[in-house]
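Note sheet for the following structure.
As the structure is a prediction and not an experimental result, all values here were calculated from the model. Start at 1 with the first residue, then count along the sequence.
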Amino acid sequence: MQIDISEGAEQKLAERTTGKDGYLKLVYDIEGCGCAVNGVPALWLVKELVGDEAEVETANQRSIYIEKDQQVFFAEKMTLDFSVKANCFQLKSPNEYLNPRLSLVDKTK
């Protein structure tokens with residue numbers, strides 16, 4: 001699995017995570033969605049990794065982690081971008097938007 005982080009997304013990640021300790025984690029969030037296959041991709045800043053995460057290859061110096069059992073919900077190659085117009089991150093694959101309004105949720109608090 002690979003995630004390319006655009007320059008705009010990298011700038012926003014730096015702005016929103018500078019001075020905070022934690023790990024970026026790409027999750028398939030199912031809370032409030034009804035069942036385990038009705039979820040939405042989300043980006044979390046977490047204080048600790050629980051141990052079942054894999055580090056996703058990125059073309060940048062930034063590490064992103066994903067739970068091994070959730071990899072099935074994501075494409076093999078993805079891009080993390082930032083939309084200035086929508087003021088949010090976007091996760092896309094070569095074939096589709098996985099989440100055009102991806103939020104960065106700070107779970108370190």
Side-chain angles (χ1 to χ4, degrees):
M1 184 175 288
Q2 178 183 357
I3 300 175
D4 293 325
I5 303 172
S6 73
E7 187 177 315
E10 180 57 42
Q11 289 174 353
K12 284 296 177 181
L13 286 172
E15 284 176 21
R16 295 181 184 184
T17 61
T18 297
K20 297 180 181 181
D21 290 327
Y23 303 90
L24 281 177
K25 186 172 175 178
L26 182 62
V27 298
Y28 191 71
D29 190 4
I30 59 170
E31 189 162 329
C33 293
C35 75
V37 295
N38 290 333
V40 61
L43 190 60
W44 293 354
L45 181 65
V46 297
K47 194 169 210 114
E48 297 177 350
L49 298 174
V50 294
D52 66 340
E53 295 93 352
E55 187 172 2
V56 178
E57 180 183 337
T58 66
N60 311 68
Q61 298 297 325
R62 186 174 294 277
S63 295
I64 297 179
Y65 296 87
I66 186 170
E67 290 182 26
K68 292 176 185 174
D69 63 344
Q70 291 186 352
Q71 289 178 340
V72 68
F73 297 111
F74 297 97
E76 189 60 34
K77 185 170 174 123
M78 297 175 286
T79 300
L80 180 63
D81 201 359
F82 189 83
S83 169
V84 175
K85 185 176 181 179
N87 193 33
C88 63
F89 292 96
Q90 297 179 325
L91 184 65
K92 43 192 164 181
S93 75
N95 299 321
E96 65 184 331
Y97 278 94
L98 299 167
N99 189 343
R101 295 194 173 267
L102 184 77
S103 298
L104 174 60
V105 180
D106 187 350
K107 299 256 183 185
T108 62
K109 300 175 186 179

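Annotation for A75 and S93: closest pair CB-CB, 3.6 Å, computed over non-hydrogen atoms. Closest approach of Q90 and L102 over heavy atoms only: N-CB, 4.3 Å. Closest approach of F82 and S6 over heavy atoms only: N-OG, 3.9 Å.
Heavy atoms from other residues, nucleotides or ligands lying under 6.0 Å from OH of Y23 number 12 at most.
Salt bridge annotation for E53-K25: present, with a cationic side-chain nitrogen under 4.0 angstrom from a carboxylate oxygen. A salt bridge between D106 and R16 is absent, with no side-chain N of the basic residue lying under 4.0 Å from a carboxylate O of the acidic one.
Looking at heavy atoms from C-beta onward, I64 lies in side-chain contact with I5 at the 4.5 angstrom threshold. I3 is not listed as a side-chain neighbour of K77, based on a closest heavy-atom distance of 4.5 Å or more. Side-chain contact between E48 and D21 is absent, with no heavy-atom pair separated by less than 4.5 Å. Side chains of L49 and Y65 form a contact here, defined as non-hydrogen atoms less than 4.5 Å apart.
Distance check, rounded to the nearest 0.5 Å: CD1 of I66 to CG of L26 gives 4.5 Å.
Using modelled atom types and a 3.5 Å distance limit, the side chains of D69 and Q71 yield no donor-acceptor pair.
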